[in-house]
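The structure appears right after this line, and notes come after that.
Just the heavy atoms: all of them, side chains too, but no hydrogens, waters or symmetry mates, feed the values below. We name chains A, B, ... by the order of the sequence lines, and we start the count at 1 in each one.
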Protein chains: 2
Amino acid sequence: MTVTLADVAARARVSPATVSRVLNGNYPVAASTRERVLRAVDDLDYVLNGPASSLAAATSDLVGILVNDIADPFFGIMAGAAQTQIGGPGDGSGRAGGEKLAVICNTGGSPERELTYLTLLQRQRAAAVVLTGGAVENPAHQAAMAAKLAKLADAGTRIVFCGRPPLPESDALVAALAFDNRGGGRRLTEHLISLGHRRIGYVAGPRERTTTRHRLEGHREALRAAGLDVLPAGGGPAAGSGEQAADDPLVVHGPYDRRSGYESTLELLRRAPDVTAIVAANDTVALGACAAVRDQGMRIPQDISVAGFDDLPFSVDAVPALTTVRLPLVEAGARAGRLAMGKENPPPGGIATIAAELMIRGSTAAPRG
Amino acid sequence: MTVTLADVAARARVSPATVSRVLNGNYPVAASTRERVLRAVDDLDYVLNGPASSLAAATSDLVGILVNDIADPFFGIMAGAAQTQIGGPGDGSGRAGGEKLAVICNTGGSPERELTYLTLLQRQRAAAVVLTGGAVENPAHQAAMAAKLAKLADAGTRIVFCGRPPLPESDALVAALAFDNRGGGRRLTEHLISLGHRRIGYVAGPRERTTTRHRLEGHREALRAAGLDVLPAGGGPAAGSGEQAADDPLVVHGPYDRRSGYESTLELLRRAPDVTAIVAANDTVALGACAAVRDQGMRIPQDISVAGFDDLPFSVDAVPALTTVRLPLVEAGARAGRLAMGKENPPPGGIATIAAELMIRGSTAAPRG
DNA sequence: ACAGCCGTAGCAAGCGCTTTCTATCGGAGA
DNA sequence: TCTCCGATAGAAAGCGCTTGCTACGGCTGT
């Protein structure tokens, strides 16, 4: 039925061991023998049995890429870029040799699924795992993740974080590429402030996510520096619940999607009709925010400015083009892929912060009057 | 070092066979024994060795999803939907049992990579493969694909096409879900014609792709029915190269991306400044087309109408909202996932055509005058 | 009371490959 | 010419799991 190594060996008149060595190329084999084996492989249309190979060698050629939402281009772009560094035949030769199978796993932002995928990957003895996007800031989950990742690392799986801050306890990981969400958020709001905005609404992402928190912290830093913070860090008039921004009337939380952007914006406009600018958690949310603003009969940016985050491809095509913070997703994804493959050395200290660049476009302008 | 089945067996004081049967749950095991085994599994934090298991059982729990471009939400949405039917723990129990590992493979639209991924998946003895998106219409490649798929099917891998027409020779596949690209394209152009447009430009996708051809064929059907076809089917004034639309000055081909939409539109406008409407290969291309139209100082839809295809989430947020053809990507992806899991019966005849719905929005209007 | 069964558990034979160790061959050095 | 060594190839022992078949009780039926 299926062709095995032994069949190839028989046809090439060598031992199975030799065929294996030809295929793996890590042991001297005479050129003539190699040729004979290769021909036999072609003749028989032999395809290596991955599980058998992985079992014997105790490693596999699987690399997992975990994403929160594959329907979101933010993740699609990073994952695609990572995959180009991992899966590619590259050499153009039809032979499927050497490359790994990069697999994208969609967690849907669910901690359980994240853990489940990690287990599945552990089962497969994955060669590496790339974790993208923000993490959930739940202590129990973080501990579970740290434990799971430690186990994976023990088993020889390389771990790479991409666009995600490293876990506090993690020392087993190869590398972490973290986006400067805080700095980007700060510069974005500084830009708005410099335009003259004083009442700035913020449509934030879901609570308990690092990305959400960091961007919001950057925003508040800028506000505070300008003396505009509604809830002073030092426990202002509101209940002194520390850094907790939950009570800020100018901040509304919701998922990272268009619909949430729309609805949260409506809510924000209801709460504070005097805002002159709205910062969205990301570009997708910003699109929803724009729609809401327009549906309320206001113009962008004349009546109200709107800004996003990420600079996804469609942002430049929005009308007016969206002011946002550009994150080098392709570069980061590709680098993560290379790190996962061990093709590149991890950054010093294991962590690299990736700069975010402010992109000023038409959706922000000075407030009226 | 690593915990094996035998370790669990020893701790539970049963044979490895029994542990295996408890874990696979396809053989009667006394409740008390099962409990003991399960506790041992938990105690030892045992994780099944996937390769070993796949080797012994001659099957794996991998399901491959091939996409052309994961950075494109069109594919991201379908893949994500498929994955929800495949990978999900669903039951909420932490135990990773029963579910498969859905892996998304990004071919980048390259035939070679497509084949390579199929080989990789074949290596892993994948349980199923879902192929999404249009196929390349190259005879050699199609033959290679058919051969490869036949081999996969022989090995017990289920094959599902999603948003992709079945290969002519394929009989081994489980099911094909094809979008009605032709019908959608036809209705879209009919809509434009009914508005009064007579000179309609078409920014098409890459040649040699089924999706491109079908959408364009629908467009030409509508034109022909209205007596507007530039190159009559029956071999008009142009060289009688059959259905070949290559010579139509109102059609420009390019990749399915925003940039191509922009540039092709500029080219189109140069060639035929009198067009009053532009149909784009898909929504992403349409966005580029809109930008180009605007940069030429024209307004949408007053000066020129623009239409897309797919109805991706951002299309409704374009300004003006994009008239397009809605493809039920989530439903199709989910169904493909179910078919891959064998949770759903294949459609009669193995092929189901999925309807495309015309979405009329603000980007199309009657031509001036 | 005994044969025959059903319900469980164990034995052991692989699944197809990798890899260590050993064998062989053909020179090169003495 | 004989010995020793480098370069290759083969033999064989697993890797950890699944599963067909066998074994063993305790029950039921007569």
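- What separates CG of A:Leu23 from P of D:dA9 is a distance of 15 Å, to the nearest Å.
- Annotation: side-chain contact (heavy atoms from CB on, under 4.5 Å) contacts of A:Thr210 (sequence neighbours excluded): A:Ala135, A:Glu137, A:Pro165, A:His214.
- The only option from A:Glu114, A:Arg113, A:Glu112 that meets the side-chain hydrogen bond (donor to acceptor under 3.5 Å, both in side chains) definition with A:Ser110 turns out to be A:Glu112.
- In this structure B:Ala17 satisfies the side-chain contact (heavy atoms from CB on, under 4.5 Å) test together with B:Ser15, B:Arg21, sequence neighbours excluded.
- Distance CG (B:Asn49) to P (C:dC15): 18 Å, rounded to an integer number of Å.
- Residues satisfying the side-chain contact (heavy atoms from CB on, under 4.5 Å) test with B:Ala332, not counting sequence neighbours, are B:Cys162, B:Phe179, B:Ile354.
- The side chain of A:Ser53 contributes an N or O atom lying less than 4.0 Å from OP1 or OP2 of C:dT18.
- Straight-line distance from the CG atom of B:Asn24 to the C1' atom of D:dT19: 10 Å, rounded to whole Å.
- Inspection of the B:Gln122 and B:Lys148 side chains reveals an N or O donor paired with an N or O acceptor under 3.5 Å.
- When rounded to the nearest whole Å, the span between CG of A:Leu55 and P of D:dG16 equals 7 Å.
- Take the nearest nucleotide of DNA chain D for B:Val47 and for B:Tyr27: the residue whose nucleotide is more 5' is B:Val47.
- Going from atom CG of B:Asp7 over to atom P of D:dC15 covers 12 Å, rounded to whole Å.
- When the C1' atom of D:dC15 is taken as reference, atom CG of B:Leu48 falls 14 Å away, rounded to whole Å.
- B:Asn26 has its CG atom 16 Å from the C1' atom of C:dG7, to the nearest Å.
- Contact check, B:Thr33 against C:dT8: no side-chain N or O comes under 4.0 Å of OP1 or OP2.
- Taking every heavy atom of residues 13-22 of chain B and every atom of DNA chain D, pairs under 4.0 Å involve B:Ala17, B:Ser20, B:Arg21, by number.
- Every residue meeting the salt bridge (charged side-chain N to carboxylate O under 4.0 Å, His left out) condition with A:Arg11, not counting sequence neighbours, appears here in chain and number order: A:Asp43.
- Of the candidates C:dA9, C:dG16, C:dT18, the closest approach to any side-chain atom of B:Val29 belongs to C:dA9.
- If you take CZ of A:Arg34 and P of D:dA9, they are 9 Å apart, rounded to a whole angstrom.
- For B:Thr59, the side-chain contact (heavy atoms from CB on, under 4.5 Å) test picks out B:Ala57, with sequence neighbours left out.
- Of the candidates C:dT19, C:dG16, C:dG14, the closest approach to any side-chain atom of B:Ala56 belongs to C:dG14.
- No engagement by B:Ser54 is indicated, since no non-hydrogen atom pair under 4.0 Å with the nucleic acid exists.
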